[in-house]
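So the structure is just underneath, and the comments pick up after that.
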Amino acid sequence: MLNTTLSNTERMLTEIDYFRLSKLDKLSYPIELEDGLDAAEVVDSAEIPDDVVTMNSLFVIADDTTGHRTQLRLCYPGNAAPAQGNISVLSPAGASMLGLRCGAIASWRSLQGEVRFARIVELLFQPEAAGDYSL
C-alpha cells in the first residue's frame, strides 16, 4: 500500500484553470473538486511548477492496489473519453488529481463506493511547461 502522507491536501492551480473551473456548473462538482478548489494555492500560469497536474496535462498514475500504470490526460467534460485515457475533471478520479505534484497520492471514491488511491508517477506533458497558457 502507498504512503498516503502525500495525499491530495497540497494543491496548486493556475489562475486560468481556477477561473475556468469556477465557471462550470457547481451542481456537477464531485466533492474532490470542491475541496480541491477551496484548498488550492492559485498562481499565475507562468509560475506553476512543471511537475504539477494542470488542465490538459498528460501524466502517468500507478494504482495503489495493483501497481498498474495508466496514462491519463486531465480534460474538461466535453473532451472526456475514458477509454482513450481522457479523464474529466468532473469525475471523482480526475478532480482528485488536479493540482497535485508528481509523487503525490490522489484519493477518490469509486462509483462502487470504494476509496481508491493512485500515485502521480510522471508528468509527460503540461501545457504551461510547453509555454501554452491558453489550453
Side-chain angles (χ1 to χ4, degrees):
M1 180 179 286
L2 294 174
N3 176 350
T4 58
T5 58
L6 289 175
S7 68
N8 51 358
T9 56
E10 297 178 27
R11 293 182 186 272
M12 191 176 287
L13 298 177
T14 67
E15 290 173 340
I16 292 172
D17 287 350
Y18 185 83
F19 176 77
R20 288 180 178 163
L21 292 167
S22 69
K23 297 296 180 190
L24 295 177
D25 178 15
K26 291 189 181 16
L27 294 177
S28 59
Y29 276 14
I31 190 68
E32 293 86 354
L33 182 58
E34 192 173 326
D35 290 347
L37 290 176
D38 288 343
E41 176 185 356
V42 179
V43 300
D44 184 85
S45 295
E47 296 176 12
I48 195 90
D50 62 3
D51 66 343
V52 172
V53 175
T54 62
M55 292 304 301
N56 297 302
S57 288
L58 183 64
F59 56 97
V60 177
I61 62 168
D63 182 270
D64 177 37
T65 306
T66 66
H68 176 76
R69 290 180 177 226
T70 304
Q71 183 174 299
L72 300 172
R73 180 177 305 278
L74 187 62
C75 63
Y76 291 98
N79 297 322
Q84 286 80 41
N86 295 332
I87 186 169
S88 171
V89 70
L90 293 184
S91 70
S96 72
M97 295 174 200
L98 176 66
L100 295 183
R101 294 183 95 137
C102 286
I105 298 169
S107 65
W108 67 95
R109 208 168 272 287
S110 73
L111 295 175
Q112 295 76 27
E114 301 170 335
V115 177
R116 304 291 309 263
F117 297 97
R119 181 179 303 271
I120 312 288
V121 294
E122 185 178 5
L123 198 59
L124 304 172
F125 172 78
Q126 180 203 66
E128 296 79 9
D132 190 343
Y133 305 114
S134 64
L135 286 178

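Note that the structure is predicted; figures quoted are calculated from it, not measured.
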Under the side-chain contact (heavy atoms from CB on, under 4.5 Å) test, which residues partner Val42, sequence neighbours left out?
Glu15, Tyr18
Under the side-chain contact (heavy atoms from CB on, under 4.5 Å) test, residues paired with Ala95 that sit two or more places apart
Pro30, Glu32, Leu33
Heavy-atom closest pair, residues [X] and [Y]:
X	Y	value
Thr70	His68	OG1-CD2, 3.3 Å
Met97	Arg11	C-NH1, 4.1 Å
Ser96	Ser107	CB-O, 3.2 Å
Leu24	Pro77	CD1-CD, 4.5 Å

Which residue pairs pass the salt bridge (Lys or Arg N to Asp or Glu O under 4.0 Å) test when at least one of the two sits in [range], sequence neighbours left out?
range	value
residues 79-91	none
residues 71-84	none
residues 74-88	none

Between atom [atom1] of [X] and atom [atom2] of [Y], what is the distance when rounded to the nearest 0.5 Å?
X	Y	atom1	atom2	result
Arg69	Ile61	CZ	CD1	10.5 Å
Ile16	Leu21	CD1	CG	11.5 Å
Leu74	Leu98	CG	CG	5.5 Å
Gln71	Phe59	CD	CZ	10.0 Å
Leu123	Leu58	CG	CG	8.0 Å

By salt bridge (Lys or Arg N to Asp or Glu O under 4.0 Å) - contacts of Arg116 (at least two apart)
Asp63
Could you check whether any side-chain heavy atom of [X] comes within less than 4.5 Å of a side-chain heavy atom of [Y], counting everything from C-beta outward?
X	Y	value
Ile120	Val53	yes
Leu37	Ser22	no
Arg109	Ile31	no
Asn56	Asp132	no

Under the side chain to side chain donor-acceptor pair (under 3.5 Å) definition, can you give me all pairs with a residue in residues 42-51, not counting sequence neighbours?
Asp51-Arg101
What pairs with Ser110 under side chain to side chain donor-acceptor pair (under 3.5 Å), at least two apart in sequence or on another chain?
Gln112
Could I get the full list of side chain to side chain donor-acceptor pair (under 3.5 Å) partners for Thr14, not counting sequence neighbours?
Asp17
Quick one: name the residues clustered hydrophobically with Ile48, using the 4.5 Å side-chain heavy-atom rule over I, L, V, M, F, W, Y, and just say none if it's on its own.
Met12, Val43, Val52
Flag yes if Leu111 and Trp108 sit in one hydrophobic cluster, no otherwise; membership is Ile, Leu, Val, Met, Phe, Trp, Tyr, and two members link when side-chain heavy atoms are under 4.5 Å apart.
no
Check for me, please, whether Leu124 and Val121 land in the same ILVMFWY cluster - side-chain distances under 4.5 Å, paths through other members count.
yes
List the atom pairs, with distances to 0.1 Å, where a side-chain N or O of residues 78-91 and a protein N or O form a donor-acceptor pair under 3.5 Å, not counting sequence neighbours.
residue: Ser88; atom: OG; partner: Leu90; partner atom: N; Å: 2.9
residue: Ser91; atom: OG; partner: Ser88; partner atom: O; Å: 2.7
residue: Ser91; atom: OG; partner: Gly94; partner atom: N; Å: 2.9

